[in-house]
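What's counted below: heavy atoms across the whole structure, side chains too, no hydrogens, waters or symmetry copies. Atoms within each ligand, like the ligands themselves, are counted from 1 in listed order.
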Amino acid sequence: MSNNQQILRSEVVLEKYGKALAGKTVLITGVSDDSIAGELALQLSAANPKLLILSARAEAKVAGIQDKIKSAKPNVETRFLNMDLSDLAAVRDAVEDLKDVSHIDHLVCVAGVMFPPYSKTKDGFESQLGVNYLANFLLVKLLLPKIRAAGSDSSVVIMASSMARQGKMHFDDFNFSDGRTYDPMVAYGQSNAARVMFVKRLGEKLKAEKIRVFSVDPGAVQTGLQRHCPPNFLDQVDDWKKAGAMVDMDGKPFEIPPWTTSSEGAATLITGMVDPTIADYNGSYLNQNAVSDHELHTHINDEGNWAELWELSESLTKERFSL
Ligand SMILES: NC(=O)c1ccc[n+]([C@@H]2O[C@H](COP(=O)([O-])OP(=O)(O)OC[C@H]3O[C@@H](n4cnc5c(N)ncnc54)[C@H](OP(=O)(O)O)[C@@H]3O)[C@@H](O)[C@H]2O)c1
């Protein structure tokens, strides 16, 4: 397993591997002016893709990014895809809206929420599990024919977080007793553990087809994500850092990632999409542009949990996903 972690700007990764993106069709979720996905879209446009499909739950969210791409790279086509990930019917509708798109070379699922007050998605799931993970499970399932149509070296890249290291699937109470036992951090950790475990199993299943599958820890970037954090959150993070290493679910110490720019936050997503040197590690968890499976804990590494999560996800999304 490689352990050459490096915080890099997106521009640096693109300079090395960006040629592979020319002429490609890329779908990105979570695009807005100040999000990591918005930055990713801007960065990728420099590599001359054919089409960037920019997904959000309101067109106004992507308009600023579209304008910037249009003026810097007029030959790069962009298209808004309306999709609310807190509603599985809306995910299905969004996929229907892509009927005319023959193939998708790269699906990059970045959208997410962190630490919201307890609420449930339209389908009745705790919102972080529903938005951050279950909607992605369904989206990947429904778009896989288009990703397969793109051929080898296409990719599915799923955003995760270092909080996966403190997260596990609460299989017998993933909805936190209808909110009664809800802890926003525990639920965020659960949704990220689920993202990483899903990618592990998907990567294994798609390896023979040479479809790249990776989960990504982007580090720490100040974005809209912190909107549900208490006003003193940044001070609190500083205090945690001063107090020393955190511990994961196995008791293994780890450090809170340093704050970086959004270009640095988006870089590891690009690594997942196109860095040829990690192709043999399909399904892996990436951090700082490198395969970082050594950072994962026992619950996430347990293949029995991957299988249980897959079955649960099929049952919750009412979508059989056999591969
Ligand atoms: N920033 C960090 O330090 C950090 C660290 C680790 C992991 N991450 C992960 O990175 C991802 C992106 O976060 P970010 O930092 O770019 O935060 P952000 O600026 O809040 O972006 C998140 C995006 O997801 C969208 N989104 C939220 N709920 C949605 C829904 N129901 N349907 C469709 N879109 C929805 C948001 O749109 P609206 O504006 O409409 O809500 C927003 O555009 C998240 O998945 C997060 O878990 C971020």
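- Cluster annotation: I28 and L51 are assigned to distinct hydrophobic clusters (Ile/Leu/Val/Met/Phe/Trp/Tyr, side-chain heavy-atom contacts under 4.5 Å, transitive).
- Considering only non-hydrogen atoms, atom 10 (O) of ligand 1 lies nearest to M159 out of R57, E39, K61, M159.
- In this structure, of V91, D34, L85, the residue bringing a heavy atom nearest to atom 30 (C) of ligand 1 is L85.
- Contact of the D123 side chain with the L134 side chain is not registered, since no non-hydrogen atoms from C-beta on lie closer than 4.5 Å.
- When only non-hydrogen protein atoms are considered, atom 4 (C) of ligand 1 lies nearest to L225 CD2, 3.7 Å.
- Atoms of ligand 1 lying under 4.0 Å from at least one heavy atom of S32, given by number and element, are 43 (O).
- Near A160, meaning under 4.0 Å from one of its heavy atoms, ligand 1 places the atoms 6 (C), 7 (C), 8 (N), 9 (C).
- With a 4.0 Å cut-off on non-hydrogen atoms, D84 touches ligand 1 through its backbone as well as its side chain.
- For ligand 1, the atoms lying closer than 4.0 Å to a non-hydrogen atom of M83 are 32 (N), 33 (C).
- Annotation: cation-pi geometry not satisfied between R201 and W306 (NZ/CZ under 6.0 angstrom from ring centroid, within 45° of ring axis).
- The shortest separation from a heavy atom of A56 to ligand 1 is not under 4.0 Å, leaving the residue out of contact.
- Rounded to the nearest 0.5 Å, atoms CG (N192) and NZ (K168) are 16.0 Å apart.
- If you check each of G112, A111, A220, G219 against atom 5 (C) of ligand 1, the one with the closest non-hydrogen atom is G219.
- Checking K24, K50, K70 one by one against E77, the salt bridge (charged side-chain N to carboxylate O under 4.0 Å, His left out) holds for a single residue, K50.
- Atom 14 (P) of ligand 1 has its closest protein heavy atom at T223 OG1, 3.3 Å.
- Looking only at side-chain heavy atoms (C-beta outward), V31 and K61 stay at 4.5 Å or farther from each other.
- Salt-bridge annotation for D248 and R165: absent, with no side-chain N of the basic residue lying under 4.0 Å from a carboxylate O of the acidic one.
- Closer than 4.0 Å to atom 33 (C) of ligand 1 lies at least one heavy atom of the protein.
- Listed by atom number, the atoms of ligand 1 under 4.0 Å from V113 heavy atoms are 27 (C), 28 (N).
- A salt bridge links E209 with R148; the closest basic N to acidic carboxylate O contact falls under 4.0 Å.
- The nearest heavy-atom contact from the protein to atom 11 (C) of ligand 1 is V110 O, 2.9 Å.
- At least one N or O atom of R227, backbone or side chain, sits closer than 3.5 Å to an N or O atom of ligand 1.
- The atoms of ligand 1 that sit less than 4.0 Å from any heavy atom of P218 are 4 (C), 5 (C), 6 (C), 7 (C), 8 (N), 48 (C).
- Using a 4.0 Å cutoff on heavy atoms, S127 does not count as a contact of ligand 1.
- In this structure, the separation between OH on Y281 and OG on S292 is 11.5 Å, given to the nearest 0.5 Å.
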Review point. Does the pair E319 and R92 meet the rule for a salt bridge (charged side-chain N to carboxylate O under 4.0 Å, His left out), with working shown?
Key: CA-CA 11 Å; E319 189 76 37; R92 293 176 195 283; 2.6 Å; yes
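- Of the candidates R195, M114, K122, it is R195 that places a heavy atom closest to atom 45 (O) of ligand 1.
- Contact between M163 and ligand 1 is absent, with no heavy atom of the residue lying under 4.0 Å from the ligand.
- Counting heavy atoms closer than 4.0 Å to ligand 1, residue V131 contributes side-chain atoms (C-beta onward) but none from N, CA, C or O.
- Of all protein heavy atoms, the one lying nearest to atom 46 (C) of ligand 1 is Y188 OH, 3.5 Å.
- Partner L21 forms a side-chain contact (heavy atoms from CB on, under 4.5 Å) with one of D105, N48, L14 and no other, that one being L14.
- S86 has its side chain out of reach of K122: every pair of non-hydrogen atoms, C-beta onward, lies at least 4.5 Å apart.
- With hydrogens left out, the protein atom closest to atom 1 (N) of ligand 1 is V221 O, 2.9 Å, a heavy atom.
- Protein heavy atom nearest atom 43 (O) of ligand 1, with residue, atom name and distance: G30 O, 3.1 Å.
- Ring centers of F176 and Y118: at least 6.0 Å apart, outside the cut-off.
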